[in-house]
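Chain A is the first sequence line, chain B the second, and so forth, proteins listed ahead of strands; every chain is numbered from 1.
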Amino acid sequence: DAKTTQPPSMDCAEGRAANLPCNHSTISGNEYVYWYRQIHSQGPQYIIHGLKNNETNEMASLIITEDRKSSTLILPHATLRDTAVYYCIVRDPPNFGNEKLTFGTGTRLTIIP
Amino acid sequence: DVKVTQSSRYLVKRTGEKVFLECVQDMDHENMFWYRQDPGLGLRLIYFSYDVKMKEKGDIPEGYSVSREKKERFSLILESASTNQTSMYLCASSLLFGSQPQHFGDGTRLSIL
């Protein structure tokens, strides 16, 4: 799986858009970008994933650059409940032998009232 | 919505006890996983299963066993609990193929005294 680089921490004002960057310059053609978050003492929560097109769901938007070497997770109207550690993961779709997920250190996002 | 349910959020056991952690998913997923998460060590895969009665060792299977008698249920067993097995245990499930993500339960924080 490709290695990812994320800033260790970010702050965002409540009600504003939170933009979390992720660099994955060694991504290969079949690898997807996944985002999870983990609120303190809870299990990781899946947010969104994509291959090369931008994606949006009820939680967030995912913007992937044309060369696929970086991406940005956007939380459009951040609330205090969005305070969490956010993980960007790049991996092949599951197949026998590659199912393991590996989380890096992620970005600790703090939403400021 | 995908629901992965772990039987306990918090559990305290004594050294030498046999400990059972239960996980149930309601999305007919073929894959199920047990991870442990420790500060500074990230997420580590203990065992996974891609079918009923099938199991595969992950990175740290020593001291653990698993059971999958039904598709929706995956149990983690600590044969003789030790203090170094104090950790957050996370269950996850996913489809066997395709890009859909792994979904996690809320975790069981297990303390071995």
Practice prompt. Would you check, one step at a time, whether the test side-chain contact (heavy atoms from CB on, under 4.5 Å) holds for B:Tyr35 with A:Phe103?
Written response: CA-CA 12 Å; B:Tyr35 295 88; A:Phe103 284 11; over 6 Å; no

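The closest donor-acceptor contact from the side chain of B:Arg68 to the backbone of B:Ser49 lies under 3.5 Å. B:Gln6 places a side-chain N or O within 3.5 Å of a backbone atom of B:Gly107 that can act as its donor or acceptor partner. Not a single donor-acceptor pair under 3.5 Å links the side chain of B:Ser8 to the backbone N or O of B:Tyr10. A donor-acceptor pair under 3.5 Å links the side-chain atoms of A:His24 to the main chain of A:Arg68, judged by distance alone.
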Can you give the donor-acceptor pairs under 3.5 Å from side chains of residues 106-113 of chain A to other protein atoms, not counting sequence neighbours?
{"from": "A:Thr107", "atom 1": "OG1", "to": "A:Pro7", "atom 2": "O", "distance (Å)": "2.5"}

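Inter-residue side-chain proximity for A:Val90 and A:Tyr32 is flagged as unmet; no heavy-atom pair is nearer than 4.5 Å. Using a 4.5 Å heavy-atom cutoff, the side chains of B:Tyr89 and B:Leu11 are not in contact.
Of the inter-residue distances, the one linking A:Thr4 atom OG1 with A:Ile27 atom CD1 reads 10.0 Å to the nearest 0.5 angstrom. Annotation: the span from B:Gln100 atom CD to B:Ser93 atom OG amounts to 11.5 Å, rounded to 0.5 Å.
Heavy-atom neighbours of chain A within the stretch residues 13-25 of chain B, taken at a separation under 4.5 angstrom, are nonexistent. Residues of residues 36-43 of chain A that come closer than 4.5 Å to chain B, counting heavy atoms only, are A:Tyr36, A:Gln38, A:Ser41, A:Gln42, A:Gly43, ordered by residue number. Residue-level contacts of residues 8-19 of chain A with chain B do not occur; threshold 4.5 Å between heavy atoms.
Of all non-hydrogen atoms in B:Ile77 and B:Val66, the two that sit nearest each other are CD1-C, 4.5 Å. Contact record, A:Tyr87 with A:Gly104: CE2-O, 3.1 Å, taken as the closest heavy-atom pair. A:Ser61 and A:Thr56 make their closest contact through OG-OG1, 3.1 Å (heavy atoms, listed as atom of the first residue, atom of the second, distance).
Remark: the A:Ser25 side chain and the A:Asn23 side chain contain no N/O donor-acceptor pair separated by less than 3.5 Å.
For chain A, the option among B:Gly105, B:Gly42, B:Pro101 with the highest count of heavy-atom pairs below 4.5 Å is B:Pro101.
Heavy atoms closer than 4.5 Å to chain A are found in the side chain of B:Gln37, but not in its backbone. Only the side chain of B:Arg9 comes within contact range of chain A, with at least one heavy atom under 4.5 Å from a heavy atom of that chain.
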